[in-house]
K.L.:
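Handing you this structure, nothing more for now.
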Amino acid sequence: SVSSAFDFAPNLFPLSSTAQGYTALGAPSNPALDPSNALNGGSLEKNKSLTYLNGLSLVIGLIIGSGIFSSPSQVNRNAGSPGASLLVWVVAGVLAWTGAASYAELGGAIPLNGGAQVYLSHIFGEWAGFLFTWCAVVVLKPGSAAIIAIIFGEYIVRAIVGAEAAEASTWIDKGIALAGLVLVTLLNCVSTKLGTRSADVFMFLKFFALIGVTVIGIVVAATGFSYNGPANDDWKKQGWFEGTSTDVSNWAVALYAGLWAFDGWDNVNYVTAEFKNPTRDLPRVIHTSLPLVILCYVLANIAYFLVLPTSLIESSNTIAVAFGHQVFGPIGSLILALLVSGSCFGALNATTFTSGRLVYAAGKEGYFPEIFGTIGLGKSHRAIRLHSINAGTSKSRIPKKMVDWFADADAGFFFTPIAAMTLNALLTAVYIFIGSFDTLVTFYGVAGYSFYFLTVLGLIILRVKEPDLERPYKTWITTPIIFCCVSLFLLSRAVFAEPVQTLLVVAFMVAGLVIWFAWVGRKRGKERSRFRKVGEQDEKIGWRFWKRWRS
Ligand code: ARG
């Protein structure tokens, strides 16, 4: 059975622990840190109020990010032709779809917080859950943040310098990416509220950008306006599949790039607990949101192909800027650059928020050094906390209104998992520094799909091992089988396609296993009881503190 130091949290906060994709490992043990409280304005009475349409937009919002504005180059370069690229997008989408359906079944069968960590622990033993957490902290979270930050940097530079800046130095892009990372991390360190409020604002931008590209593309196709390219664009006469790559490894690399744009489907379960009627609505949401995203992405790609020369698509990570430029000139490129960089900034903000909580939870669990499971700036920070508790009273010079705005779900400024977010920011900075979009996307994909594969394989094992387990939602058995076969193909090609990144991922996993079997796992028995006690104490203090703050 699953035993985790977080198990007590759902008991204390029965309905508050599954926020909209924001809790990554488990419910944070302090209510002030629980993002679902932050997101609904601090109400502990979690209302199961999500309707089908809410769920739909939430899941779509979790998936769409930087990918559709940056991956097409790598997909097209490796698939070799527009037709093959579109096929890659569809296959990537279907893979995400089968994955989401499989995770939905697991979420119903093992109804605990924590996603893959919990499923893997339950099915394979705690070492697997640890390995996932370890890789999430050192590879997946900072890796995805680095990719988003790099795209943010590239789009910002093009917003300032214009679409022609394609040759601008990558170091300027990376500098801006780092600046964005620092800003977002500071924002999230100062206050939970500040972090989540800005998330809401940026959420809209990506919808505007994607719908913009798609609608423009349809109009372009309908009116017959189309790019008249040089000779290398002969696919328009010769056929959509001219030049298709025959090397399977290239197809794998193209798929990794496409899968990046669909990533986030593994978060569907965070939405489950919020539904009025989860058994009916969760499958409905999955089976409409993913087809919708696939349709949008395919339309957007067709739009790119109709408007831009293939050579440009293949050479640019900032395809939306080129698209805007081609259709509307400099104004179009500026608008799209701003929309996409805003969308990336929002995505960076959201991952910083969740990563902080993930590392924090790992520290609390005893998976990581204790320091990462702490809140605020340490002992000396008490003074600052008291200052903000007193805010708005005669003892403080901070105006009450300002404090309310920042801190009504927050127990004051800097009352956030600062150590955890600092670790995440440092690792992200390293990846930004040494990586590029192309290399990081494969790196992230290999690591991510190793665990997706293992988890969905676990679903099949669970069907055999525990056939009578209650499963509120059950997929066809073909769904996990398709997922496992395709991801196994992807993983098996990785070492041929991108040996460096693959070996790096393998090295991280081996390191994780060594850490578990030589250290963390062995101390587990003693540590668990100790951490549970510390956690419970914290819980009570946080609870009292929070109640006082609210009243
Ligand atoms: N699909 C998103 C994008 O295109 C990536 C989401 C990152 N993944 C995650 N689990 N946070 O940018």
Side-chain angles (χ1 to χ4, degrees), residues 19-25 35 58-75 89 92-93 95-97 99-100 103 115-117 132-133 135-137 139-155 177 180 184 199 202-203 205-207 209-210 213 255-271 289-290 292-294 296-297 300-301 317-320 339-359 424 428 431 437 440-449 451-452 455:
Q20 311 166 344
Y22 279 105
T23 16
L25 189 65
L58 259 173
V59 170
I60 294 178
L62 284 171
I63 293 176
I64 299 173
S66 61
I68 187 58
F69 310 111
S70 52
S71 290
S73 145
Q74 195 170 346
V75 172
W89 283 96
L95 196 59
W97 187 0
Y103 266 53
Q117 184 244 346
F132 171 76
T133 306
C135 283
V137 171
V139 176
L140 298 174
K141 282 293 174 180
S144 60
I147 298 172
I148 296 168
I150 286 174
I151 296 303
F152 168 77
E154 293 192 2
Y155 271 94
V184 156
F202 287 106
M203 189 84 167
L205 296 179
K206 56 186 163 199
F207 287 108
L210 181 56
V213 167
L255 262 170
Y256 281 121
L259 285 169
W260 165 251
F262 286 101
D263 205 68
W265 55 261
D266 56 310
N267 290 322
V268 286
N269 284 343
Y270 293 118
V271 190
S289 58
L290 278 143
L292 264 175
V293 175
I294 297 174
C296 271
Y297 283 7
N301 272 286
N317 288 336
T318 49
I319 191 166
L339 281 178
V340 176
S341 49
S343 156
C344 292
F345 188 81
L348 195 59
N349 184 46
T351 67
T352 302
F353 186 91
T354 51
S355 307
R357 273 72 192 164
L358 174 89
V359 182
N424 178 62
T428 307
Y431 288 130
F437 176 80
L440 286 171
V441 156
T442 320
F443 177 67
Y444 175 85
V446 173
Y449 271 79
F451 288 103
Y452 294 150
T455 310

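All ligand and atom numbering here is 1-based and tracks the order in the structure. Just so you know, these numbers come straight off a predicted model, no measurement behind them.
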K.L.:
Would you kindly specify which portion of Trp265 sits under 4.0 Å from ligand 1, judged on non-hydrogen atoms: side chain, backbone, both or neither?
P.N.:
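It is neither; nothing of Trp265 touches ligand 1.
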K.L.:
Could you check Asn424, Thr428, Thr354, Thr351 and say which one makes a side chain to side chain donor-acceptor pair (under 3.5 Å) with Lys141?
P.N.:
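Result for side chain to side chain donor-acceptor pair (under 3.5 Å) with Lys141: Thr354.
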K.L.:
Looking at atom 11 (N) of ligand 1, what's its closest protein heavy atom, distance included?
P.N.:
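Looking at atom 11 (N) of ligand 1, the protein heavy atom closest to it is Thr351 CG2, 3.9 Å.
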K.L.:
So do Phe443 and Ile147 actually touch side chain to side chain, heavy atoms under 4.5 Å?
P.N.:
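Ile147 does not reach Phe443 side chain to side chain.
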K.L.:
For Ala347, state whether at least one heavy atom is located under 4.0 Å from any atom of ligand 1.
P.N.:
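False for this residue.
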K.L.:
Evaluate side-chain contact (heavy atoms from CB on, under 4.5 Å) for Phe451 paired with Asp266, printing each intermediate quantity in order.
P.N.:
CA-CA 11 Å; Phe451 288 103; Asp266 56 310; over 6 Å; no
K.L.:
Answer yes or no: does an N/O atom from Gly264 fall short of 3.5 Å to an N/O atom of ligand 1?
P.N.:
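No.
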K.L.:
Could you give me the CA-CA distance, side-chain angles and deciding distance for Asn317 and Tyr155, then say whether side-chain contact (heavy atoms from CB on, under 4.5 Å) is met?
P.N.:
CA-CA 9 Å; Asn317 288 336; Tyr155 271 94; over 6 Å; no
K.L.:
Does Phe69 come within less than 4.0 Å of ligand 1, judged by its heavy atoms?
P.N.:
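So Phe69 does not count as touching ligand 1.
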K.L.:
Taking the side chain as every heavy atom from C-beta outward, state whether Thr318 and Phe437 have any pair of such atoms under 4.5 Å apart.
P.N.:
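Contact flag for Thr318/Phe437 side chains = no.
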K.L.:
Taking distance alone, with no angle check, do Ser66 and ligand 1 share an N/O pair under 3.5 Å?
P.N.:
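Indeed, backbone or side chain, Ser66 has an N or O that close.
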K.L.:
Please step through side-chain contact (heavy atoms from CB on, under 4.5 Å) for the pair Phe353 and Val184, ending with a clear verdict.
P.N.:
CA-CA 9 Å; Phe353 186 91; Val184 156; over 6 Å; no
K.L.:
Under 4.0 Å, counting heavy atoms only: does Asp263 come that close to any atom of ligand 1?
P.N.:
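Within the 4.0 Å threshold, so yes.
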K.L.:
Using every non-hydrogen atom in the two residues, find where Ala146 and Tyr431 come nearest and quote the distance to one decimal.
P.N.:
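Closest heavy-atom pair between Ala146 and Tyr431: CB-CB, 3.6 Å.
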K.L.:
Can you tell me which residue and heavy atom of the protein come closest to atom 1 (N) of ligand 1, and the distance to 0.1 Å?
P.N.:
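Sorting protein heavy atoms by distance from atom 1 (N) of ligand 1 puts Ile63 O, 2.6 Å first.
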K.L.:
What I want to know is whether Gly67 and ligand 1 share at least one N or O pair that is separated by under 3.5 angstrom.
P.N.:
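Yes, Gly67 has an N/O under 3.5 Å of an N/O on ligand 1.
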K.L.:
So, Trp260 versus Ser66: side-chain donor-acceptor pair below 3.5 Å or not?
P.N.:
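Indeed, the side chains of Trp260 and Ser66 share at least one donor-acceptor pair under 3.5 Å.
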K.L.:
Tell me whether Trp260 has any N or O atom under 3.5 angstrom from an N or O of ligand 1.
P.N.:
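Yes - when backbone and side-chain N and O of Trp260 are compared with those of ligand 1, one distance drops under 3.5 Å.
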K.L.:
Side chain or backbone, does Ile148 bring an N or O within less than 3.5 Å of an N or O on ligand 1?
P.N.:
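No, Ile148 has no N/O under 3.5 Å of an N/O on ligand 1.
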